[in-house]
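I have placed the structure first, in the form of structure tokens, so that the comments after it can refer back to it.
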Amino acid sequence: MSSLLLIIVGGVLVNNFVMSQFLGICAFLGVSKKTETALGMGMAVTFVMAIASLFTYFIQRYLLIPLKLEYMQTIAFILIIAVLVQSVEIVLKKTSRSLYQALGIYLPLITTNCAVLGVAINNTTAIEGGYNLIQSVVNGTAGALGFTLALVAFAAIRERLALGNMPKWMDGFPGALIGAGLMSIAFQGFSGLIH
Amino acid sequence: MTGILIGTGVLAAVALVFSLLLTLVNKAFAVPSDPTRDQVRDALPGANCGGCGYAGCDALADALAAGKAPVNACPVGGAAVAKKVASILGKDAGAEETRKIATVVCQGTVDRCKTKFTYYGIEDCLAATLINDGNRACKYACLGLGTCVRACKFDAIHIDEYSQIARVDEDKCTGCGACVTACPKQVLDLQPVTLPVRLLCRAAEEGYLVSDNCKIGCVGCELCMKACKFDAIVMENHLPIINKEKCVGCMMCAEVCPTGAMWGDFDNRHIALIDRDLCIGCGICKKTCQFEAISGERKSVHEINEACTGCGQCVPKCPKKAITLPVRLHVRDANAKVGTSEVVAAIPETETTK
């Protein structure tokens, strides 16, 4: 139980995907102009990361390791995640129209997001022999929640920056990137929290 | 070597299984969709830019198929896509006349409209409005801090550096209305692109108050109302209201306006031309003309003089269809004498039908 708690704290704060591992930067900069869309994206990422952790665990455990094909991990995982997201989208469209409309536009965007692939690979390399099933799913969910946290916080900063009286050379992306850097430094403050 | 083969083989097998799975899922969970909707979707650009206000092209296709969105809703595709969508849905694409663009209803540039104080706050019109209703002397004036510029997705609106008020790029503006809702001063308005005259002032105040603040504001003198021979202008709250149905585009209101608040599209002003070969001298046009711009004796060829305002009232009255209504500037450019058949021949077909 305490190990799960450590994984959660580690995923959300210490090893935050965006702020200390620098994964998923594309989505981080792309959909962080409004807090509303940032939250939508965060939800979609959480959903996809959780199920990606689940499925990649089975593939790793029952296909790649017995066949000694761990080096093919990256390709295999991309394949799985892409198929997974696609089929989830199809199923959602049929079964839950409202959920499909809420997540619909973000799902294809994160099909091949490096944060999603990153969590799947991290699950297998974080500790000797990789996380077990529950740990994997918890790590995926926690990592995605950390991603959502960073994304929403950054979007809130950018909403304020957009109204600020910025010098021309700092307006827009330069200012946003400096803001992201400062945020990352702030997140480094969590690094002593777990060992 | 065998290791590589095994790896490739296994991955290929996995891919095959997955693709089969995906096909099955797609079949099992297929959502029956409207074929018209799919056709509309194919006609749209598919960039999912959201410029139409819907969440991507799929959402717009749904709205179009349901008849909830106008056929020209896609600003990116423009007229070409509108035409395609209209033919799929069996509707009329709508002519260029119906295209609306954002119009800045204020000409209060810094040299014309006084400033109450220097504003050092946040560069945003909404924030500036909170401080004593903005720093312009006229409370209806454009503040020029660019809230509309940031609302525009198409780079179609800019703050003019010298005059400090918003300017709309007519070619880029798609009429999406984002700036209209963003402007805290309601200085922006969606108007048909082809309007011959526009009142570019919103100052609904007594004339002396307006003229104190601004050199180009409407002072409510009613000269335009009196000049309009077609009863298209009525006064309301010290401002003239133009009835677009009755307006024929003679631009007399803009011509008489003492301040310049009434804007006329003089570059596109028309003029009537009588074809000498067709005119039989019946005099109907002369009786119809409100501006005494047509002269000529009965049974002789009639002439148009400089008083013509291009209102076009004579054109449908002519029994011989001898009168055309080209844009005035083109006639002047040709250095030709007004009212001769040579001029008519010299003007290209497209110009005369304008």
Side-chain angles (χ1 to χ4, degrees), chain A residues 31 33-34 36-37 40 55-56 58-60 62-97 100-109 111 159-168 171-172, chain B residues 2-33 46-50 54-63 119-128 130 145-147 149-151 153 155 159 161 182 184:
Chain A
V31 281
K33 273 192 175 160
K34 282 188 187 151
E36 202 178 300
T37 45
F55 279 80
T56 50
F58 286 118
I59 294 293
Q60 173 80 4
Y62 297 110
L63 191 73
L64 297 184
I65 292 180
L67 290 170
K68 295 196 169 39
L69 284 174
E70 289 97 330
Y71 60 90
M72 290 295 238
Q73 207 182 34
T74 313
I75 299 177
F77 284 2
I78 287 178
L79 202 67
I80 293 156
I81 294 165
V83 171
L84 206 61
V85 174
Q86 206 60 49
S87 35
V88 164
E89 199 192 344
I90 294 168
V91 174
L92 271 187
K93 197 173 180 181
K94 174 84 173 180
T95 52
S96 167
R97 191 75 191 171
Y100 171 74
Q101 273 165 354
L103 297 182
I105 197 151
Y106 304 112
L107 280 177
L109 280 180
T111 309
E159 275 186 359
R160 298 289 289 268
L161 280 182
L163 288 181
N165 195 355
M166 297 275 269
K168 203 153 198 176
D171 208 16
Chain B
T2 44
I4 295 171
L5 283 180
I6 290 172
T8 320
V10 167
L11 266 188
V14 169
L16 198 67
V17 170
F18 276 141
S19 58
L20 277 177
L21 211 68
L22 203 57
T23 320
L24 287 178
V25 169
N26 204 5
K27 278 264 163 62
F29 289 93
V31 181
S33 68
N48 288 321
C49 71
Y54 291 89
C57 296
D58 280 301
L60 176 62
D62 287 338
Y119 176 75
Y120 287 111
I122 303 169
E123 289 277 318
D124 181 72
C125 301
L126 191 57
L130 296 176
L145 293 172
T147 298
V149 177
R150 288 185 285 278
K153 283 183 183 169
D155 193 34
I159 302 296
E161 206 173 306

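Every chain is numbered from 1, with letters handed out A, B, ... down the list of sequences.
Once rounded to the nearest 0.5 Å, the distance linking CG of B/Asn26 with NZ of A/Lys94 reads 11.5 Å. We find the CG-CG distance between A/Leu163 and B/Asp124 to be 5.0 Å, quoted to the nearest 0.5 Å. We find the CG-NZ distance between A/Leu161 and A/Lys33 to be 12.5 Å, quoted to the nearest 0.5 Å. Atom NZ of A/Lys68 is separated from atom CD of A/Glu70 by 7.5 Å, given to the nearest 0.5 angstrom. Note that CD1 of B/Ile159 is 10.0 Å distant from CD of B/Glu123, once rounded to the nearest 0.5 Å. Here CZ of B/Arg150 is found 8.0 Å from CG of B/Leu145. Values are rounded to the nearest 0.5 Å.
The part of B/Ala30 that comes within reach of chain A is its backbone (N, CA, C, O), which places non-hydrogen atoms under 4.5 angstrom from that chain. With a 4.5 Å cut-off on non-hydrogen atoms, A/Leu67 touches chain B through its side chain but not through its backbone. Contact annotation for A/Ala82: neither backbone nor side-chain heavy atoms come within less than 4.5 Å of a heavy atom of chain B. For chain B, the nearby parts of A/Ile80 are the backbone and the side chain; heavy atoms of each come within less than 4.5 Å.
Of all the heavy atoms in B/Thr147 and B/Ala182, the pair that sits closest is CG2-O, 3.6 Å.
Taking A/Leu64 as the reference, A/Ile59, A/Gln60, A/Leu69, A/Gln73, A/Ala76, A/Phe77 meet the side chain to side chain contact (heavy atoms under 4.5 Å, CB included) condition, with sequence neighbours excluded.
Using a 4.5 Å cut-off between non-hydrogen atoms, the part of residues 6-15 of chain B that approaches chain A consists of B/Gly7, B/Thr8, B/Val10, B/Leu11, B/Val14, B/Ala15.
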